[in-house]
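These notes concern the structure reproduced below.
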Amino acid sequence: MSVKQRWPEEQRRVDEVISIVEERLEVVEGQVGTLRSEIVSIRNTFWDDVTVNLEDADELIETYASMKQQAEVMSERERNHRHALRQLKSLLRLKQTPYFGRIDFLEDGERDHSSIYIGTSSLMDNSGFDFLVYDWRAPVSSLYYDYGPGPARYTTPGGEISGMMELKRQFIIRDGRIRSLFDTGVTIGDELLQEVLGKQSDAQMRSIVATIQREQNRIIRNETARLLVVQGAAGSGKTSAALQRVAYLLYRYRETLKAEQIVLFSPNPMFNSYVSTVLPELGEENMQQTTFQQYLDHRLGREFAVEDPFGQMEYTLSAMSEPGYEARVAGIQYKASAVFLRLLDRYAGYLSERGMVFRDVVFRDRVLVSGEQLKEQFYTLSGLMTIPNRMVALSEWLLKELRRLAKKEMNEAWVLDEIELLDKETYQEALEQLHKKKTFSADTFDDFDREQEQLSMMVVQEKFKVLRKRAKKLTFIDAPAVYRQLFSNPELASLLAGEEPLLERWDDICSDTAERLDRKELSYEDATPYLYLVERLEGFQTNNSVRHVFIDEAQDYSAFQFAVLKRLFPRARMTVLGDLNQAIYAHAASENGFAALQQLFEAEETETIMLTRSYRSTREIVEFTRGLVEGGEAIELFNRGGSKPTLTQAEDTGALHRQITERIGQLQKEGHRSIAVICKTAGESREAFAALQEEIPSLHLISTGTGTFEKGVVVIPSYLAKGVEFDAVLLYDVSRERYGHESERRLFYTACTRAMHELHLLYTGELTPLMNNADPQTYEVR
């Protein structure tokens, strides 16, 4: 029987499944409503049902028990409500699209095959024994992604099961009706991918588990690697696979793994908004999402104005004619390297023996304990101890000194002045403490002395509280001076460099670094090395609760950043995703950060998966963009046709703006909902926005402060567009003046690869030389 002849039979099954789903929905909706009412009632009557009596210890215990019991009832109802709400959302999704795949699998040793239907969540029949729909993350569902008809096997917690796949069928079901039905071979059929990828881009990334490819499935279900490195071409589905992997892990280890134990480091806050809907669509809570810059600001923001990576990017892209530019770029590359990491490690060893710098402990403009005293005491401690352990010992010594000095301070004149200013309540507190100590005598004069002593102690202890707190936090370490010392002592730096010589421009780098530190500023290239050195001195802060760390756009991370993250999350497995062709930051041009990261793990703990097929863009766009980068011929095309990219020269800037306005109007008429005008820098974006907004009222400007990703027409800097896709992209000005350096090739490539359906390049003056290697047959000149 042909596939078309099977259509009515398959639709009848869809109808049966939806009928069961609707029955369950009615029950669950009732449960949700009842639980919500109970929660509201408990909240309104909470204190009516609690016995409150604080007269004595027994009554206090009874009151606590009553409150605890009522709180537990409330907590249990809220848990049940959340569970019912998740069920409700899952059933609503199943009602629209109950499943997307079917496989008929004959297990070895069995006579009859099993028909297995696969969807976004599981559904049992009314008996509770048989699955009507299997969750896409279930072990048996891996057959759908990994095999075509023929021999097949899958792994379960109980071992491997092998057999024969007799059928692999795919569905497109919308609103309970089968829109398309077809049988396919080894990979997910082109027809399904065409249908999904042919759609317009949304404001958020979509969860398309129906289209997971075999190589992506390897990423999603990997359970062995402590470090999983995913290198993939632009549009190869790296981020999508990573998010599906999070959903898989939460399903596979649902008894032991919670969403808050997973952290995603993304390139910018807007990207977090872009991917925020994927996990909820799959019925899972979102993991923690942050950026590395947010971590730096959290750790260093109180002491320094910390430059972000976009500030550094703006400098490297727009300050080429400024004095000191070449020296700073050299410094950016050097300070991100494994060579500088080793130099700082040697510096920490040097500081173990000499050279530490401590702050004076100052009170009321007087030095109580000098930095020299702290230094002397530090180096009396055993060199066999680690520096952090010696710092803890030094902190304990300082606290003892502060206790001794506090007693001495009680006799100072300022203390009597402070006592005179105390209020009645403080006096009363002092008297109560004296009574408790039973220090009053019959001699009233002695009582007065005791009172004065008690008040003096209270005053001094209160004033010294800040000093004690700082001592415990090790703020007596002058970390900026320690870091600055490395750049103000050429002989020391040269000694530590050893066989890895310093840069020729080291003096210029030192001068720039010292000036910034004096202004309480940290350049982006200094922030992570500085933090790393602080951790070497104070001890590394760790988070042992996080079990999985995901790093997107990982090609832009330095050796230092990986080293810090590895120490920050010592128990976590890492999944890092990136594309070396999109390594757009200055430090990434000189060193492969993936290699530095892999050195932090044992070889047998690491696995690398390459994704070479690009799905985001049409065949024509990929044919054009792969000619822009070295090794681009390795990028495989997905056969989704469209129009060729266009190249248009405008007479002047005014004509350029008119061309862009007209082109956007045409694209909107054609139904494209997500259109980006991609500029090279933020400065250029602001200029373009100012020129275009009058003719395009719906235009939005995306900047580093933009927190949410919106569909529509946007003007965006090239580096913020990374990781995001648009229906159509217009590159604002691809002239030699804008893209005239070989170092900007990856940035240019990254901007071009944001387009799903249409790509248009416009320019004035002379065309960028980065187009020289592009095949003229792959684009259209207008």
Side-chain angles (χ1 to χ4, degrees), residues 298-304 351 356-382 385-441 445-484 520 534-535 537-541:
H298 168 70
R299 292 296 309 277
L300 304 173
R302 291 182 180 179
E303 191 167 8
F304 295 101
L351 293 171
M356 272 299 305
V357 185
F358 296 97
R359 295 187 174 100
D360 295 335
V361 179
V362 177
F363 180 70
R364 296 179 65 85
D365 298 325
R366 289 183 288 118
V367 175
L368 291 182
V369 182
S370 70
E372 281 301 313
Q373 285 177 276
L374 287 165
K375 181 177 179 179
E376 183 179 341
Q377 180 62 29
F378 176 79
Y379 286 114
T380 62
L381 297 169
S382 171
M385 298 167 63
T386 64
I387 292 180
N389 285 342
R390 289 160 79 183
M391 290 300 178
V392 171
L394 184 60
S395 172
E396 292 170 355
W397 175 85
L398 179 56
L399 288 169
K400 287 180 183 177
E401 278 295 291
L402 290 175
R403 283 195 292 271
R404 182 181 66 81
L405 292 166
K407 290 180 181 178
K408 185 178 177 182
E409 197 72 20
M410 287 167 56
N411 299 317
E412 295 293 327
W414 70 267
V415 178
L416 294 175
D417 294 337
E418 289 285 335
I419 290 173
E420 293 295 326
L421 299 174
L422 293 176
D423 55 32
K424 291 181 180 179
E425 288 78 10
T426 307
Y427 268 109
Q428 188 62 36
E429 183 183 342
L431 290 173
E432 289 175 1
Q433 289 187 20
L434 286 168
H435 278 295
K436 285 178 183 178
K437 294 179 181 178
K438 297 180 180 179
T439 55
F440 271 116
S441 68
F445 179 77
D446 186 55
D447 290 343
F448 176 77
D449 288 346
R450 297 282 187 182
E451 182 180 316
Q452 286 292 101
E453 182 181 339
Q454 181 67 23
L455 290 169
S456 297
M457 183 174 68
M458 287 178 63
V459 167
V460 173
Q461 290 295 345
E462 181 62 29
K463 297 296 183 182
F464 268 48
K465 187 185 292 183
V466 174
L467 299 180
R468 292 194 299 273
K469 186 177 179 180
R470 289 174 181 170
K472 291 175 183 177
K473 289 188 173 182
L474 310 182
T475 58
F476 50 81
I477 303 172
D478 195 344
V482 174
Y483 189 68
R484 193 185 192 284
K520 294 289 184 180
V534 169
E535 300 273 62
L537 301 180
E538 297 180 2
F540 281 84
Q541 294 191 15

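- Within the 4.5 Å cutoff, the side chain of Leu374 has heavy atoms near those of the Val361 side chain.
- Between Arg359 and Glu303 the shortest heavy-atom distance is NH2-OE2, 3.1 Å.
- Of all heavy-atom pairs between Ser395 and Leu474, the closest is CB-CD2, 3.8 Å.
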Problem - Step-by-step side-chain contact (heavy atoms from CB on, under 4.5 Å) determination, Val369 to Leu405 - result: CA-CA 9 Å; Val369 182; Leu405 292 166; 3.9 Å; yes
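- You'll find the side chain of Lys469 stays beyond 4.5 Å of the side chain of Val466, heavy atoms only.
- Residues Pro480 and Phe304 approach most closely at CG-CZ, 3.7 Å, considering heavy atoms.
- Counting non-hydrogen atoms of neighbouring residues, nucleotides and ligands closer than 6.0 angstrom, the CD atom of Glu376 reaches no more than 12 such neighbours.
- Counting heavy atoms from C-beta on, the side chains of Pro388 and Phe540 never come closer than 4.5 Å.
- Rounded to the nearest 0.5 Å, atoms CD (Glu462) and NZ (Lys465) are 4.0 Å apart.
- With rounding to the nearest 0.5 angstrom, the CD1 atom of Ile477 is 5.5 Å from the CE atom of Met356.
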Handout entry: Met391 and Glu538: CA distance, side-chain angles, deciding distance, side-chain contact (heavy atoms from CB on, under 4.5 Å) verdict
Key = CA-CA 7 Å; Met391 290 300 178; Glu538 297 180 2; 5.8 Å; no
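- Here the CD-CH2 distance, from Gln373 to Trp397, works out to 5.5 Å after rounding to the nearest 0.5 Å.
- For Arg468 (side chain) and Leu402 (main-chain N/O), no donor-acceptor pair under 3.5 Å exists by modelled atom type.
- Every residue meeting the ring-ring contact (aromatic ring centres under 6.0 Å, His included) condition with Phe358, not counting sequence neighbours, appears here in chain and number order: Phe378.
- The stretch residues 401-411 participates, sequence neighbours left out, in these side chain to side chain donor-acceptor pair (under 3.5 Å) pairs: Arg366-Glu409, Glu401-Arg404, Glu409-Trp414.
- Gly371 approaches Asp360 most closely through the heavy-atom pair N-OD1, 2.6 Å.
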Exercise for the section: Might you work through the side-chain contact (heavy atoms from CB on, under 4.5 Å) test for Tyr483 and Val534, ending with a clear yes or no? Expected result: CA-CA 9 Å; Tyr483 189 68; Val534 169; over 6 Å; no
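- Considering CE of Met385 and CD1 of Ile387, their distance stands at 11.0 Å, rounded to 0.5 Å.
- Atom CZ of Arg364 is surrounded by more than 12 heavy atoms from other residues, nucleotides or ligands within 6.0 Å.
- The distance from the CG atom of Leu394 to the CG atom of Asn389 is 12.5 Å, given to the nearest 0.5 Å.
- How far CG of Leu467 is from CG of Leu368: 6.5 Å, rounded to the nearest 0.5 Å.
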